[in-house]
> 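Sharing a structure here in structure tokens format.
A note on names: the letters A, B, ... follow the listed sequences, proteins ahead of strands, and every chain is numbered from 1.
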Protein chains: 2
Amino acid sequence: MSIQEQHVDRPYTGVIERLKNAGLRPTRQRLALAKLLFDGDDRHITAETLHAEVMAANVRVSLATVYNALHQFTRSGLLREVVVDSSRAYFDTNTTGHHHFFDEDTGDLSDIPDGEISVSSLPGAPIGKVLSGVEVVVRVRSQQ
Amino acid sequence: MSIQEQHVDRPYTGVIERLKNAGLRPTRQRLALAKLLFDGDDRHITAETLHAEVMAANVRVSLATVYNALHQFTRSGLLREVVVDSSRAYFDTNTTGHHHFFDEDTGDLSDIPDGEISVSSLPGAPIGKVLSGVEVVVRVRSQQ
DNA sequence: AGTTAGTTTAGAGTTATTCTAATTTATATC
DNA sequence: GATATAAATTAGAATAACTCTAAACTAACT
Ligand SMILES: [Mn+2]
Ligand SMILES: [Mn+2]
Ligand SMILES: [Zn+2]
Ligand SMILES: [Zn+2]
């Protein structure tokens, strides 16, 4: 059975397992959200964009639930938050270490291809503190 | 005349010049804010912390004016915005390129000493876009 | 001193997000 | 399969960080 057939026959199995492993009940809402997030290429989303998508897919999910799910998914390591804008939160389905371009005009967040950037000689955390992440954001603007 | 005497005799002269050069009238409010910001070591502030400070210095300045000033100062290159938190804006009096530690527990922002970090092989901006800044944020947490 | 453009401000408005408490649902147990 | 219960969802209110508006004030020029 090919991967495609698997998707057609049991479209939710992968996502159900993923949620159960994270200790989250596979509810109708979480399944729809997880399918949009994890069934395909990695993506960068905000609560509003994900809410719009799930509504467009004809699944009624409240915005509160979208926020709840984003935080739960992040807490269980299925998502990672990327801070690039002081007025809204972005989430990334790629939780491995990588860095970002952020277009300040359009709000587009995109990955910097691996190898095209590297941070060298990381400093140790200040005394009494422990390292929790390193983020490089390359800010760009559309046009000149 | 020593630098200290200059400060005692004409405490605002430096800051007045700075504002005039930026095309901003040296009002009572902007002078008080600029003195707190630029008269001493470089610092990282938010609108709320700066407002609290200026009030503590017994200068009545509205929060709206603090926001206005922060943006005007940023636009004229006296300040730089540092994005580390998706719910509030931080400003830095050090406008030269340098990177930051951000304590996610306390909200403390501090500089990574120059030389302790370096970003190599910067990627070119995607086509149609122009580079506007590179920020490295090393996130830390208090304790374990 | 008079004029005016720039500045400040109170308070209302906005936006992203969180909270609350009532309803609904997934799952374990009978 | 029905029942119990903890977990999840939700509408709507609340919050927090700003931003806007339009009236009052002031710096700076004449
Ligand atoms: Mn994936
Ligand atoms: Mn300084
Ligand atoms: Zn990414
Ligand atoms: Zn700094």
> Other than Ile127(A), what residues sit in its cluster of Ile, Leu, Val, Met, Phe, Trp and Tyr side chains whose heavy atoms are under 4.5 Å apart, directly or through others?
none
> Return the value, rounded to whole Å, for the distance between atom CD1 of Ile16(A) and atom C1' of dT27(C).
14 Å
> Quickly work out the Ile45(B) CD1 to dA17(D) C1' distance and round it to whole Å.
14 Å
> Under 4.0 Å between a side-chain N/O of Gln29(B) and OP1 or OP2 of dT9(C), yes or no?
yes
> Excluding sequence neighbours, so at least two apart, what forms side-chain contact (heavy atoms from CB on, under 4.5 Å) with Glu104(B)?
Ser132(A), Phe102(B), Arg139(B), Arg141(B)
> Kindly write out the residues that satisfy side-chain contact (heavy atoms from CB on, under 4.5 Å) with Ser118(B), not counting sequence neighbours, or none if the list is empty.
Ser120(A)
> Mind checking salt bridge (Lys or Arg N to Asp or Glu O under 4.0 Å) for Asp85(B) and listing every partner two or more places apart, or none if nothing turns up?
Arg88(B)
> What I'd like to find out is whether the side chain of Val82(A) reaches to under 4.5 Å of the side chain of Leu109(A), using heavy atoms alone.
yes
> Using the test side chain to side chain donor-acceptor pair (under 3.5 Å), find all partners of Glu81(B) that sit at least two apart in sequence or belong to another chain.
Ser86(A)
> Taking atom C1' of dA8(D) as reference, at what distance in whole Å does atom CZ of Arg75(A) sit?
13 Å
> Rounded to whole Å, how long is the line connecting atom CD of Glu81(B) with atom C1' of dC18(D)?
12 Å
> Tell me: CG of Asp85(B) to P of dA17(D), nearest whole Å?
9 Å
> Which residues pass the side-chain contact (heavy atoms from CB on, under 4.5 Å) test with Gln72(A), not counting sequence neighbours?
Leu24(A), Arg30(A), Asn68(A), Ala69(A), Arg75(A)
> What N/O pairs connect the protein and nucleotides 24-30 of chain D at under 3.5 Å? Give each pair on its own line.
from: dA27(D); atom 1: N3; to: Arg25(B); atom 2: NH1; distance (Å): 3.3

> Without decimals, in angstroms, what is the distance between Leu33(A) CG and dA8(D) P?
14 Å
> Distance under 6.0 Å and angle within 45° of the ring axis: does Arg18(A) meet both against Phe38(A)?
yes
> At a cut-off of 3.5 Å, list every protein nitrogen or oxygen paired with a nitrogen or oxygen from nucleotides 12-18 of chain C, distance to 0.1 Å.
from: dA16(C); atom 1: O3'; to: Ser87(A); atom 2: O; distance (Å): 3.4
from: dT17(C); atom 1: OP1; to: Ala89(A); atom 2: N; distance (Å): 2.6
from: dT17(C); atom 1: OP2; to: Tyr67(A); atom 2: OH; distance (Å): 2.6
from: dT17(C); atom 1: O5'; to: Tyr67(A); atom 2: OH; distance (Å): 3.2

> To the nearest Å, how far apart are Asn68(B) CG and dT19(D) P?
9 Å
> Between dT24(C) atom C1' and Arg60(A) atom CZ, what is the distance in whole Å?
14 Å
> In chain order, what residues pass the ring pair (Phe, Tyr, Trp, His ring centres under 6.0 Å) check against His44(B), with sequence neighbours excluded?
His100(B)
